[in-house]
Amino acid sequence: MYRLLYGSTLVAAFEPKDSAHCLRWSQEAEPSRLRIEGNFEAPVLCREGLAPSHRWGFLASNGSFISVVGETGVASTLLEFPSVASGCDVWWREVSEDVIPPTPELAMPLWEDGRAMTTHAGMVGLCFATNSSSLGYIPLEGPEMGQCHFLADGEPRVLTGGLFHLLQARPKVAPCAEGDLARQQLLRGLRGRIDRFLSQEDHELLERVVSHSGSDGGQGGIYARLLNGLNQLDACQLKEVLSSSRFVAHELNTLGLHVLRSLLAERMVTARTLGRGYTSHPDFPTWHRDGLLIKDLDDPELGGDEGVLKLLRMVSGEETLGIPESLHWQPRNVTVQDTPDPQQQFHIDTFAPIVKVWVFRDPPGVNLTQGPLLFSRRSHRNSEAKLRWMHAYAQPPSAEAQREPSFRLKGCAAATEAASDFIAAVDGKIEMEAAAAATPVLPLPKTRTLVLADTSALHARGPGVATMMVD
């Protein structure tokens, strides 16, 4: 049993963290394995040759060097091994099956002389196909983003959307190289957006959320103190606040920085949608209310590909940014695994509205035994209850948020306590306007069902019944 899934995501361009310094390469370094998530054995990472033409690969158990393109040979005297720099964290992140990009912002590109390497596929990183113990490369941008390319038994293979590990790095904070002019420009941009898009009601909402938590120290004047704190940030910190990074670790989170970023992102999308007239789309009321649309892709009233493109513009508020010129659906074979899957934990993908799109085919169809998407309608909106949950999650030292910035519904004890009503609503134990009980998203009784979801809402993969993989 399996289902066919097609996916596309509206995302911003990948902007890597400056993690070039996080791995120090040396011929004298001891061969070792980087930390890996899950019950797997990590490869002994190494590289061969001289800059700028290193060959990246791993050391096999027999001592031979195997490159990311599958070339095998005797390890040369120019073989270098990495050690993790002090203050950095470098590890293999498990990417479970059917995880659609965006590429995590901590993905580590291949670096040469302080620059991210690029190929015909754009910027690339390293992936590790654990089932075949094969190291490969993964494009971090462009049309092949998120696909792990590797060789197995001498044959080229591609894993799309999971069942591999991705090399990630959390770099240590370095002194900001940006000057004061850049800082002033970034600050003007941020303050201008805040003044333009956030209302007095938003100011009061933020203050209620923060004061409820007590993280402000009970001193009052929360919003004004937060704005004053923003004025003190350097250019690099301001750039991070303005970026698509899912979480920014900073002391200003005690005053509601994460809440501010979430509100600002939502209000800007709403303003774009209104300004471009997309609220007149007949599906806008349902999308605005639920954050979810289920449509018959072959319904003539939808209007074919042009109708889908109109939907994409409406749900994103964008006219051209992130909107494809033409539609290309990428096939996925998806099976329920018999091992624990982190995607089965209810979570949000990020703090800002983000759209994922699927088409389900029938046959073979999808049913409850195949672990369909579970989705909490209305939880995409920044209600006071949801903001209480996110604010508590973001409080220093924010270990859970930094470890997994796609917040898990029950991943932080403080957040569970601060928003027990919100969590109970998603679980279906109480009724609440902020979030409907999560329910399965099943296709219509049609040949092709189009599903659009704002995955800043709480969602998860259903448990399903483990089956054999069908090629």
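Model, not experiment: these values are computed from the prediction.
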Run the side-chain contact (heavy atoms from CB on, under 4.5 Å) check on Leu45 and Trp25 step by step: do they pass?
CA-CA 10 Å; Leu45 193 61; Trp25 295 89; 4.0 Å; yes

Indicate yes or no for a side-chain donor-acceptor contact from [X] to the backbone of [Y] under 3.5 Å, with no hydrogens or angles considered.
X      : Y      : result
Arg276 : Gly317 : yes
Thr350 : Arg246 : no
His165 : Glu37  : yes
Asp290 : Leu292 : no
Asp427 : Ala424 : no
His380 : His288 : yes
Trp111 : Pro109 : yes
His347 : Gln345 : yes
Arg361 : Arg448 : no
Asn382 : Ser262 : yes

Nearest non-hydrogen partners of [X] and [Y], listed with the distance:
X      : Y      : result
Trp389 : Arg408 : CZ2-O, 3.3 Å
Arg461 : Gly371 : CG-O, 3.5 Å
Leu444 : Thr449 : N-OG1, 3.0 Å
Cys22  : Val90  : CB-CG2, 3.9 Å
Ala425 : Ala435 : CB-O, 3.6 Å
Pro440 : Pro372 : CB-CG, 4.2 Å

Please walk me through it: do Phe407 and His258 pass ring pair (Phe, Tyr, Trp, His ring centres under 6.0 Å)?
CA-CA 12 Å; Phe407 292 2; His258 193 73; 5.1 Å; yes

Could you verify whether a donor N or O on one side chain and an acceptor N or O on the other, from [X] and [Y], lie under 3.5 Å apart?
X      : Y      : value
His281 : Arg313 : no
Arg191 : Asn231 : yes
Thr439 : Arg377 : yes
His391 : Gln395 : yes
Glu207 : Ser211 : no

Say you draw a straight line from [atom1] of [X] to [atom2] of [Y]; how long is it, rounded to the nearest 0.5 Å?
X      : Y      : atom1 : atom2 : answer
Leu167 : Leu106 : CG    : CG    : 11.0 Å
Phe150 : Phe128 : CZ    : CZ    : 10.5 Å
Trp358 : Leu297 : CH2   : CG    : 15.0 Å
Leu190 : Leu264 : CG    : CG    : 7.0 Å
Leu374 : Phe346 : CG    : CZ    : 4.5 Å

As a quick check of understanding, evaluate side-chain contact (heavy atoms from CB on, under 4.5 Å) for Leu442 and Asn367, giving each step before the final call.
CA-CA 7 Å; Leu442 294 172; Asn367 58 50; 5.6 Å; no

Other residues, nucleotides and ligands only: do more than 12 of their heavy atoms fall within 6.0 Å of CZ on Arg24?
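Atom CZ in Arg24 is not crowded, with 12 or fewer foreign heavy atoms closer than 6.0 Å.
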
For His203, I'd like to know if atom NE2 has over 12 heavy atoms of other residues, nucleotides or ligands within 6.0 Å.
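Enclosed: over 12 neighbouring heavy atoms sit under 6.0 Å from NE2 of His203.
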
Please determine whether a side-chain nitrogen of the Lys or Arg among [X] and [Y] lies less than 4.0 Å from a carboxylate oxygen of the Asp or Glu.
X      : Y      : result
Arg388 : Glu417 : no
Glu178 : Arg183 : no
Asp454 : Lys356 : no

Could you go through Trp91 and Ile36, starting from their C-alpha distance and side-chain angles, then the distance that decides it, and tell me whether this counts as side-chain contact (heavy atoms from CB on, under 4.5 Å)?
CA-CA 6 Å; Trp91 76 103; Ile36 189 168; over 6 Å; no

As a quick check of understanding, evaluate side-chain contact (heavy atoms from CB on, under 4.5 Å) for Ile423 and Thr416, giving each step before the final call.
CA-CA 7 Å; Ile423 292 171; Thr416 301; 3.8 Å; yes

Determine, for Phe351 and Arg261, whether the Lys NZ or Arg CZ falls below 6.0 Å from the six-membered ring centre while staying within 45 degrees of the axis.
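Satisfied, under 6.0 Å and within 45°.
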
Decide yes or no on salt bridge (charged side-chain N to carboxylate O under 4.0 Å, His left out) for Glu400 and Lys410, but give the supporting numbers first.
CA-CA 11 Å; Glu400 298 91 348; Lys410 301 175 184 177; over 6 Å; no

Let's go through Asp283 and Thr286 carefully: what are the C-alpha distance in whole Å and the side-chain angles of both, what is the deciding distance for side chain to side chain donor-acceptor pair (under 3.5 Å) to 0.1 Å, and is it a yes or a no?
CA-CA 6 Å; Asp283 288 310; Thr286 302; 5.4 Å; no

